[in-house]
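Just below is one structure, and these are the notes that go with it.
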Amino acid sequence: QVQLVESGGGLVQAGGSLRLSCVASGSIFSTDVMGWYRQAPGKQRELVAGITIGGSTNFADSVKGRFTISRDNAKNTVFLQMNNLKPEDTAVYYCYWRGRHMATMALVTYWGQGTQVTVSS
């Protein structure tokens with residue numbers, strides 16, 4: 001198993017900032033990608049941002065210019081810096097990890113339990 005522990009969610013006013021962190025641990029042989037999805041009430045889960053082991057990033061159009069993603073490869077940790085938050089950013093944010101499992105060498109994806117981000121207007 002691979003465990004993901006998220007932190008940093010909370011309540012913030014529009015225009016404010018939050019920083020999410022996610023640490024992956026457990027049966028990790030290698031990591032390919034880490035990142036974040038989010039799901040707002042009544043909506044489908046959507047990709048927010050991802051970052052590869054090499055540092056390549058991708059972002060949802062709705063967060064470009066406001067959110068940045070970074071990672072500490074040695075610690076299997078990914079960070080999401082969210083600036084200029086808007087009420088429409090309100091959602092549960094889920095960390096994800098994709099890589100090779102230590103025991104099977106299979107390419108697998110694991111998810112965190114989610115952290116609530118609420119942006120008030």
Would a 4.5 Å heavy-atom cut-off, applied to side chains only, mark Gln44 and Tyr37 as touching?
no
For a side chain to side chain contact (heavy atoms under 4.5 Å, CB included) check, start with the C-alpha distance between Glu46 and Arg38, then their side-chain angles and the critical distance, and finish with the verdict.
CA-CA 5 Å; Glu46 62 174 356; Arg38 69 186 179 186; 2.7 Å; yes
Please answer: with hydrophobic residues joined when any side-chain heavy atoms are less than 4.5 Å apart, are Val92 and Ile69 in the same cluster?
no
Pair Thr109, Trp97: side-chain N/O donor-acceptor within cut-off below 3.5 Å:
no
Sort out for me which residue in Leu11, Leu85, Val119 forms a side chain to side chain contact (heavy atoms under 4.5 Å, CB included) with Leu18.
Leu85
Just by distance, do the side chain of Arg71 and the backbone of Thr52 share a donor-acceptor pair under 3.5 Å?
yes
Donor-acceptor contact below 3.5 Å, side chain Arg98 vs main chain Val33
no
Heavy-atom pair of closest approach, residues Gln116 and Ala91:
NE2-O, 3.4 Å
Under a 4.5 Å side-chain heavy-atom rule over Ile, Leu, Val, Met, Phe, Trp and Tyr, are Ile51 and Val108 clustered together?
yes
Roughly how far, to the nearest 0.5 Å, is the OG atom of Ser21 from the CZ atom of Phe79?
5.0 Å
What distance do Thr57 atom OG1 and Phe67 atom CZ have between them, rounded to the nearest 0.5 Å?
14.0 Å
Look only at the side chain of Ser56 and the backbone of Gly54, and say whether a donor-acceptor pair between them is shorter than 3.5 Å.
no
Any chance you could measure His101, atom NE2, to Ser27, atom OG, to the nearest 0.5 Å?
4.0 Å
Atom CG of Asn83 and atom CZ of Arg19: how far apart are they, to the nearest 0.5 Å?
11.0 Å
Any heavy-atom pair between the side chains of Ser17 and Gln81 that's under 4.5 Å?
yes
Calculate, to the nearest 0.5 Å, the distance between atoms SG and CE belonging to Cys22 and Met34 respectively.
4.5 Å
Please give me the minimum heavy-atom distance between Ser121 and Ala14, naming the atom from each residue.
CA-CB, 4.3 Å
Do Leu20 and Thr115 make a side-chain contact, defined as non-hydrogen atoms from C-beta onward lying under 4.5 Å apart?
yes
Spell out, yes or no, whether Leu107 and Met105 are grouped together once hydrophobic residues are joined by side-chain heavy atoms under 4.5 Å, including indirect joins.
no
Does some side-chain heavy atom of Asn76 sit less than 4.5 Å from a side-chain heavy atom of Asn73?
no
Do Lys86 and Asp89 pass the salt bridge (charged side-chain N to carboxylate O under 4.0 Å, His left out) test, and can you show the C-alpha distance, the side-chain angles, and the key distance before you say yes or no?
CA-CA 5 Å; Lys86 303 176 180 181; Asp89 294 317; over 6 Å; no
Rounded to the nearest 0.5 Å, how far apart are OH of Tyr96 and CG of Leu4?
11.5 Å
In terms of hydrophobic clustering (I, L, V, M, F, W, Y; side-chain heavy atoms under 4.5 Å; direct or indirect links), are Val23 and Met82 co-clustered?
no
Are the side chains of Val78 and Cys95 in touch, meaning some heavy atoms are under 4.5 Å apart?
yes
Taking side chain as C-beta onward, heavy atoms only, is Val5 less than 4.5 Å from Gln113?
no
For Val2 and Ala24, which heavy atoms make the closest approach, and how far apart are they?
CG1-CB, 4.4 Å
With side chains defined as the heavy atoms from C-beta onward, is the minimum distance between Tyr93 and Val48 less than 4.5 Å?
yes
May I ask you to decide if the ring planes of Tyr94 and Trp111 are parallel, tilted or perpendicular, using 30° and 60° as cut-offs?
perpendicular
Stepwise side-chain hydrogen bond (donor to acceptor under 3.5 Å, both in side chains) test for Glu88 and Thr90:
CA-CA 5 Å; Glu88 51 264 43; Thr90 295; over 6 Å; no
